[in-house]
There are 2 protein chains.
Amino acid sequence: MNEGGKRRTRIQTENRGKILEAALEVFSRDGFRGATVDRIAEAAGMSKPNLLYYFAGKEEIYRTLLEGLLETWLDPLREMDPDGEPLREIRGYLRRKLEMARDYPRESRLFAGEMLRGAPLLEPVLKGELRELVEEKAMIIRGWIKNKKLAPHDPKHLIFAIWATTQHYADFDTQVRAVLGDDGEGRFEDAARFLERLFSDGLRRT
Amino acid sequence: MNEGGKRRTRIQTENRGKILEAALEVFSRDGFRGATVDRIAEAAGMSKPNLLYYFAGKEEIYRTLLEGLLETWLDPLREMDPDGEPLREIRGYLRRKLEMARDYPRESRLFAGEMLRGAPLLEPVLKGELRELVEEKAMIIRGWIKNKKLAPHDPKHLIFAIWATTQHYADFDTQVRAVLGDDGEGRFEDAARFLERLFSDGLRRT
DNA sequence: CCCTGCCTTGACCGGTTGGTAAAATCGACG
DNA sequence: CGTCGATTTTACCAACCGGTCAAGGCAGGG
């Protein structure tokens, strides 16, 4: 942190943190346009002008949030080890991704909202960093398939499927809870069991 | 249509249609709060007061859209036939759902946006109609499992997985295209191949 | 005590937004 | 043609929103 030599006082560090936490809460619920600086300020426990003393504007808060979160968000995929046992690696990735949906649903919704809008701010990262990372991991998976360790599947669509099925439990939580009703308590454990079996049996070489 | 005996002139029918089409375009891109009545009016080719002559307000347009689309949206699931061959029925549902993501991405995004916001308008439908429909189809799948036609899986999470993987190609289209790059042209065909195999092999009794 | 730099606030501003009032226009029918 | 209801437009408003400004509080160093 603190790159570019930006010195920060203790109060600045604290208040920027409070603002980002509040902004995550508000942006993830209402989207970029739906969120108001007033509500973020209120959630952060300070006045609007005070908030704007720490951030130049609404978009800068949003951008800071997105960029800060992106690294965390891609980490689980980075951890996929080319030298590991294929099915184990994929199951591990699936599990880590589902845990993130469970533990960081607001972050997941923030990204989802950005995607729905056409990702005006994230587009360069999607076409650059993300695309390269996926390409790299797709190569690994293709290697596993070539070595007959995995059934032949399109690696990128496999990754999409893992993203989709796990993030669903964060982004569509309302729907999931509504459908499951009172059985919704153990939904993440049930989902983990289901998804691990689906992908294991779906990918195993028979 | 025209329930409740609401008489409509030809112009009313036409203009309400134009407004709903324009509203789908705008709401699906910008969300409920991000959309403005002005932009909807412009997209519909009429002035704002004129638009408000046909609909009482922004929310009524949005609500009308959601309710009208819901039936269409649930139809593919309704078509799942308890007397059909299990794997064939599930593959068929998967295929129909993916075709909807391809042919009606705006509708998919509209629902996704509503879910992200916590589904304030749709909640009753989710807890009522949708929940009952899923419960009914889950029973059918449980029957198939009992008759050893299908590997034992949690039926509701299976349905979630189908929703998630198919809608992903509409809601996260920006991401999918960014990651696939120039290979993105045949993404729906590739997705169909991948998903049919994944679910077939993942659900088949071995 | 005062100066100084960080932090906070209330008052305010221009632009946008959802929505309204009322007058003007249209068009089907006698 | 003339009438009357349906439709459209012009002008407008109050609320809200992102952001600014100038004045003040506050703590530490002299």
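Chain letters run A, B, ... following the sequence lines, proteins first, then strands; residues in each count from 1.
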*Asks:* Would you mind building the protein contact string for nucleotides 7-20 of chain C? One character per nucleotide, 5' to 3', B for base within reach (heavy atoms under 4.0 Å), S for sugar-phosphate only, - for untouched.
*Replies:* BBBBB-----SBBB
*Asks:* Can you name the side chain to side chain donor-acceptor pair (under 3.5 Å) partners of A:Arg39, sequence neighbours left out?
*Replies:* A:Asp30
*Asks:* State the CD-CG distance between B:Glu185 and B:Asp190, to the nearest 0.5 angstrom.
*Replies:*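 The CG atom of B:Asp190 is 11.0 Å from CD of B:Glu185, to the nearest 0.5 Å.
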*Asks:* Between B:Arg16 and B:Phe55, is NZ or CZ placed under 6.0 angstrom from the six-membered ring centre and within 45° of the ring axis?
*Replies:*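 Geometry flag: set, cation within 6.0 Å and 45°.
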*Asks:* Sorted by first residue and then second, give each ring-ring contact (aromatic ring centres under 6.0 Å, His included) pair with at least one member in residues 110-144 of chain B; sequence neighbours left out.
*Replies:* B:Trp73-B:Phe111
*Asks:* Which residues pass the salt bridge (charged side-chain N to carboxylate O under 4.0 Å, His left out) test with A:Arg33, sequence neighbours left out?
*Replies:* none
*Asks:* Going 5' to 3' along DNA chain D, which are the first and last nucleotides with any atom under 4.0 Å from a heavy atom of chain B?
*Replies:*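 Both ends considered, the range comes out as D:dA6 to D:dA11.
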*Asks:* Any salt bridge between A:Glu42 and A:Lys48, counting N to O under 4.0 Å?
*Replies:*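 Salt bridge absent between A:Glu42 and A:Lys48.
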*Asks:* For B:Asp173, check salt bridge (charged side-chain N to carboxylate O under 4.0 Å, His left out) against everything at least two apart and list the hits.
*Replies:* B:Arg177, B:Arg187
